[in-house]
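For reference, the structure is listed below as structure tokens.
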Amino acid sequence: EKGTYQHYMLKEIEEQPLVIRKVIQQYQEENGQLVIDPSIVEALNEADRLYIVAAGTSYHAGLIGKQFIETMAKIPTEVHLASEFGYNMPLLSEKPLFIFISQSGETADSRAVLVQVKKLGYKALTLTNVPGSTLSREADYTLLLHAGPEIAVASTKAYTAQLAVLAILAEVTAKGRNVDAEIDIAHELAIVANAMEELCDGKDEFEQIARDYLTVSRNSFFIGRSLDYAVCLEAALKLKEISYIQAEGFAGGELKHGPIALIEDGTPVFALATQENVNLNLRGNVKEVAARGANTCIISMKGLEMNGDRFVLPEVHEILTPLISVLPMQYISYYAALHRGCDVDKPRNLAKSVTVE
Ligand code: F6R
């Protein structure tokens with residue numbers, strides 16, 4: 001039940017610190033070591049390439065999961081949209097392993113791919129929030145998200161739970177192949193949970209940002225580089241699906257190759273700056289759009305902030321920033337939709353699980 005919350009979406013946004021703590025607890029042994037079913041770790045280690053297949057928000061989690069797995073476990077990983085994969089299958093490696101990411105475990109596009117790869121004799125792992133769901137039953141292995149039921153159509157806590165489980169999977173797999181993951185994921189996720197709590201406590205600021213930037217806009221842009229780019233795709237999806245404001249996520253460096261033509265006087269542009277190696281270049285992109293009249297809102301990470309940034313995120317391990325940088329975006333979408341009188345939990349034209357191809 002949503003209790004005192006006005007909407008399930010708000011409740012689910014604010015459950016995220018608890019969800020992350022629950023995920024750590026579910027995958028941690030008494031001695032503090034993270035554990036995953038050894039047969040899953042073996043399946044990853046036997047594969048020469050991983051193929052992540054998903055849709056929507058879960059696809060966006062996959063884009064970040066690829067970075068976790070490649071950085072920590074050093075296994076080449078591709079990420080595919082389920083709805084494209086089935087009709088346009090890439091040339092597969094010799095020993096592929098498929099990873100399906102799906103909150104509901106019922107997405108028809110993903111299911112169609114799973115049926116296809118099983119026919120080819122390949123193994124599959126499903127990350128899902130719903131035990132006993134179709135994608136879980138039909139795959140060889142399952143990892144649960146432990147996010148609790150997600151009722152709002154717009155996915156929030158399932159996304160951050162997916163990221164947490166993917167980070168744990170990456171670290172445990174690295175250990176299994178004697179690669180130094182160089183990061184203590186359980187410890188860093190605990191810091192993430194605290195940072196999330198801090199963001200939830202300060203949500204009034206995100207309501208104000210929604211008022212300042214999105215009250216009258218018909219369109220909006222989210223820009224970032226590297227991991228921030230993947231979060232921008234998710235931010236734009238969130239905003240468009242519940243507020244009906246056209247929203248697009250762009251890689252900072254791609255603006256000059258076309259999208260910058262869309263910038264007009266007052267166009268809201270949200271910029272995420274959490275990655276040190278691309279911070280200065282991203283700042284350059286912000287200047288380019290500001291010079292063309294954009295109303296820019298920079299959200300940066302502590303340590304990388306500069307004068308004029310609208311919000312500075314609490315510091316977490318650099319690779320885990322997507323788990324917290326998405327929170328302001330979820331809140332901004334929520335408040336923008338609320339201010340516009342939209343049906344936040346049940347946006348028009350959308351269903352919670354998409355069971356047709
Ligand atoms: C976005 C959203 C959808 C789902 C997508 C996949 O907020 O809810 O984009 O993420 O339909 O759903 P699952 O994860 O259930 O396969």
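Indexing begins at 1, ligand by ligand and atom by atom, following the structure's order.
- Per-residue contacts place Ala154 under 4.0 angstrom from the following atoms of ligand 1 (heavy atoms of the residue considered): 7 (O).
- For ligand 1, the atoms sitting less than 4.0 Å from at least one non-hydrogen atom of Ser58 are 10 (O), 13 (P), 14 (O), numbered in the order shown with element in parentheses.
- The single protein non-hydrogen atom nearest to atom 15 (O) of ligand 1 is Ser104 OG, 2.6 Å, given as residue, atom name and distance.
- Regarding atom 7 (O) of ligand 1, its nearest protein heavy-atom neighbour is Glu241 OE2, 2.5 Å.
- Close approach of ligand 1 to Lys238 (heavy-atom distance below 4.0 Å) involves ligand atoms 1 (C), 7 (O).
- No salt bridge links Lys74 with Glu70; every basic N to acidic carboxylate O contact stays at or beyond 4.0 Å.
- Residue contacts with ligand 1, taken as heavy atom pairs separated by less than 4.0 Å, do not involve Glu106 at all.
- When only interatomic distances are considered, the shortest N/O to N/O separation between Gln162 and ligand 1 does not fall below 3.5 Å.
- Counting only residues at least two apart or on different chains, the side-chain hydrogen bond (donor to acceptor under 3.5 Å, both in side chains) pairs with a member in residues 53-64 are Thr57-Glu234, Thr57-Lys238, Ser58-Gln162, His60-Glu234.
- Under 4.0 Å is where a charged nitrogen must lie from a carboxylate oxygen, and between Arg310 and Asp212 at least one such pair does.
- What sits closest to atom 11 (O) of ligand 1 on the protein, heavy atoms only, is Val354 CG2, 4.0 Å.
- Checking side-chain atoms of Thr128 against main-chain N and O of Gln103 turns up a donor-acceptor pair under 3.5 Å.
- Across the listed options Gly56, Ala61, Ala152, Gly56 owns the non-hydrogen atom lying nearest to atom 9 (O) of ligand 1.
- Residue contacts with ligand 1 do not include Ser110, since none of its heavy atoms lies under 4.0 Å from the ligand.
- Within the model, atoms OH of Tyr51 and NZ of Lys66 stand 11.0 Å from one another, a figure rounded to the nearest 0.5 Å.
- Around atom 16 (O) of ligand 1, the closest heavy atom drawn from Thr107, Leu135, Thr57, Thr355 belongs to Thr107.
- Judged by the shortest distance from any of its heavy atoms, Ala55 lies inside the 4.0 Å radius around the atoms of ligand 1.
- Distance alone, capped at 3.5 Å, is enough to place a donor-acceptor pair between the Lys240 side chain and the Ala247 backbone.
- Within ligand 1, counting atoms from 1 as listed, the ones closer than 4.0 Å to a heavy atom of Ser155 are 7 (O), 8 (O).
- The residues Lys203 and Glu207 are annotated as not salt-bridged, no charged nitrogen and carboxylate oxygen being separated by less than 4.0 angstrom.
- Of all the heavy atoms of Val153, the ones lying under 4.0 Å from any atom of ligand 1 belong exclusively to the backbone.
- Residue Lys352 does not touch ligand 1, judged by heavy-atom distances below 4.0 Å.
- Checked by atom type and distance alone, the side chain of Asn31 pairs as donor or acceptor with a backbone atom of Gln33 at under 3.5 Å.
- Glu138 has a carboxylate O that lies under 4.0 Å from a charged side-chain N of Arg111, or vice versa, which qualifies the two as a salt bridge.
- Checking Glu14 against Tyr331 by side-chain atom types alone, a donor-acceptor pair falls below 3.5 Å.
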